[in-house]
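Comments concern the structure below.
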Amino acid sequence: MKLLLILAIISILISFISNREKTMLGIKKGLIMFLRILPAIISVLMLVSVVLFLIPNEIILEYLGEKAGVLSYVFAAMAGSVSLIPGFIAYPMSGMLVNSGVSYPVIAVFITTLMMVGLLTLPIEIKYFGKRISILRNLLYFFGAIIIGVLVGLFY
Amino acid sequence: MKEFIIKNKVNFAVIISFTVFIIVSFSINFESGKTIYNKYFFSFLKEMILLLPIMFILIGLGDVWINREKVEKHIGADSGIKGIILVILLSMAQVGPLYGAFPVTYLLWKKGASIRNIFIYIGAFCTIKIPMLTFEIGFLGWRFSLLRMLFSIPFIILISLLIEKIAKNKPFEIKNP
């Protein structure tokens, strides 16, 4: 966390030295984006806090915990494929799931499919890439996500 | 300002009700309310409060410095590894959901980007864009984020190469619906 902040501050400084005006414009743009999204972030954090407090841990762990074994990966991949949750909601949720005892590899599968596989957005995708390539892309990433999860698990 | 409030009316309603609920919980010593605040809400807010504004400033700076038109010239069919690196860097600086990336791929296609680079763009856009990574690091930690990124990038490149190969078997184009 500290490292991230230091890197960010160094980049801002470099940008400022190279071009003051551009930097000020960028900072303004960024802060406006931040303020626009802030109410959504805070309210989502609040809702997720309440929901996770209400859902018993056992239910979550039955499907996504170690007890479910290999199936937990498949459940996570399916959940990620059918959901349409923006990142700023998915991450607090994932963080809380980890606190509840869900393992990091399972979270990696969920996050990857959530971002890469879109069952609900497939009709939109087909309009751009056609049926063949869209379905292929989603299938490849569905299985790819599970492998990525397993690999993360080997090192975590 | 008025428009901002109207657009966020649900969010503000949630924020106000939650705040009232927490204040009441603390004043009457309602344990469940206190747990929701301490164990869940506050522990996450604390992590994000400093990180988020700085990350959004970085996104703004990326927006100002990165000239998409300049990048577009270097990601064509014969762009090789340099094209792959450029397209990954470009996608990392973007914001928005998956379906927001499709129109961009059409633009890239029109400008002559290779099929491979277009699918790398989609992949990298989805999984390693900086705004998302900041959330990921904040909530799940460096170790997780780096590992996931490290394993995702080779998969994105591999899958994109495979898609390019298969797409070329038949006439392929990206349409603008």
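Chain letters run A, B, ... following the sequence lines, proteins first, then strands; residues in each count from 1. As the structure is a computational prediction, the values presented were derived from the model and not from experiment.
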Gap between atom CG of A/Leu140 and atom CG of B/Leu158 - 0.5 Å precision = 9.5 Å
Under a 4.5 Å cut-off applied to non-hydrogen side-chain atoms, are B/Phe139 and A/Val98 in contact?
-> no
Spacing of OG belonging to A/Ser49 relative to CD1 belonging to B/Ile36, to within rounding of 0.5 Å | 7.5 Å
Validation row: A/Phe129, B/Ile163 side chains within 4.5 angstrom (heavy atoms) = no
A/Ile107 and B/Leu140: CA distance, side-chain angles, deciding distance, side chain to side chain contact (heavy atoms under 4.5 Å, CB included) verdict | CA-CA 9 Å; A/Ile107 295 289; B/Leu140 296 168; 3.9 Å; yes
Which value, rounded to the nearest 0.5 Å, describes the distance between B/Glu164 atom CD and A/Ile133 atom CD1?
-> 10.5 Å
Of all heavy-atom pairs linking A/Ile148 and B/Ser152, the shortest is CD1-OG, 3.7 Å
Hydrophobic cluster identity match, A/Phe143 and B/Ile157, side-chain contacts under 4.5 Å = yes
Using the rule that two of Ile, Leu, Val, Met, Phe, Trp, Tyr join whenever any of their side-chain heavy atoms come within less than 4.5 Å, decide whether A/Met24 and A/Ile17 are in one cluster.
-> no
Among B/Leu147, B/Ile15, B/Val10, B/Val14, the residue with the most heavy-atom pairs under 4.5 Å to chain A is B/Ile15
Side chain of B/Arg148, backbone of A/Val109: donor and acceptor closer than 3.5 Å?
-> no
Answer yes if B/Ile28 and A/Phe53 sit in the same cluster of Ile, Leu, Val, Met, Phe, Trp and Tyr residues linked by side chain heavy atoms under 4.5 Å apart, and no otherwise.
-> yes
Less than 4.5 Å apart, any side-chain heavy atom of A/Arg132 and any of B/Lys170?
-> yes
Do A/Leu71 and A/Tyr63 sit in the same hydrophobic cluster, where Ile, Leu, Val, Met, Phe, Trp and Tyr count as joined when their side-chain heavy atoms come under 4.5 Å apart?
-> yes
Show your working on side chain to side chain contact (heavy atoms under 4.5 Å, CB included) between B/Phe42 and A/Leu45 and close with a plain yes or no.
-> CA-CA 9 Å; B/Phe42 187 67; A/Leu45 270 183; over 6 Å; no
Heavy-atom pair of closest approach, residues B/Cys126 and A/Met116 = CB-SD, 3.1 Å
Between chain A and each of B/Tyr37, B/Phe12, B/Phe172, B/Tyr106, count heavy-atom pairs under 4.5 Å; write down the option with the most.
-> B/Phe172
Ranked by heavy-atom pairs below 4.5 Å to chain B, first place among A/Lys127, A/Met46, A/Met96, A/Lys29 goes to A/Met46
Looking at B/Ile159, B/Thr19, B/Thr105, which has the largest count of heavy-atom pairs under 4.5 Å with chain A?
-> B/Ile159
Does A/Ile32 belong to the same Ile/Leu/Val/Met/Phe/Trp/Tyr cluster as A/Leu35, with side-chain heavy atoms less than 4.5 Å apart forming each link?
-> no
Does atom CD1 of B/Ile81 have more than 12 heavy-atom neighbours, drawn from other residues, nucleotides or ligands, at distances under 6.0 Å?
-> no
Compare every heavy atom of B/Asn11 with every heavy atom of A/Ser43, then report the nearest pair and how far apart it is.
-> OG-OD1, 2.8 Å
Could you check which of B/Ile156, B/Leu150, B/Leu162 has the highest count of heavy-atom pairs closer than 4.5 Å to chain A?
-> B/Ile156
One option among B/Phe119, B/Phe21, B/Phe4, B/Phe151 has the most heavy-atom pairs under 4.5 Å with chain A, and it is B/Phe151
Answer whether the closest heavy-atom distance between the side chains of A/Tyr91 and B/Met132 falls below 4.5 Å.
-> yes
Taking side chain as C-beta onward, heavy atoms only, is B/Leu58 less than 4.5 Å from A/Ser11?
-> yes
Assert top hit (heavy-atom pairs under 4.5 Å, partner chain B, pool A/Leu114, A/Ile124, A/Ile42) equals A/Ile42
More than 12 non-hydrogen atoms from neighbouring residues, nucleotides or ligands closer than 6.0 Å to NZ on B/Lys175, yes or no?
-> no
Report the relative orientation of the aromatic rings in A/Tyr104 and B/Phe144; use parallel for angles under 30°, tilted for 30 to 60°, perpendicular for over 60°.
-> tilted
Is A/Arg36 atom CZ crowded by more than 12 heavy atoms from other residues, nucleotides or ligands, each under 6.0 Å away?
-> no
State the CZ-CE distance between B/Phe125 and A/Met115, to the nearest 0.5 angstrom.
-> 10.5 Å
Derivation of the side chain to side chain contact (heavy atoms under 4.5 Å, CB included) call for A/Arg137 and B/Ile122 = CA-CA 10 Å; A/Arg137 194 193 71 81; B/Ile122 288 258; 3.8 Å; yes
Interface residue of largest heavy-atom contact number with chain A, from B/Gly60, B/Ala13, B/Pro154, B/Ser17, under 4.5 Å | B/Gly60
Measuring heavy-atom distances to chain B, does A/Ile12 have an atom under 4.5 Å in its side chain, in its backbone, in both, or in neither?
-> both
For B/Lys34, does the NZ atom have more than 12 heavy-atom neighbours from other residues, nucleotides or ligands under 6.0 Å away?
-> yes
Does the side chain of A/Tyr128 come within less than 4.5 Å of B/Pro103's, by heavy atoms?
-> yes
Side-chain heavy-atom pair A/Leu151, B/Phe155 within 4.5 angstrom cut-off | yes
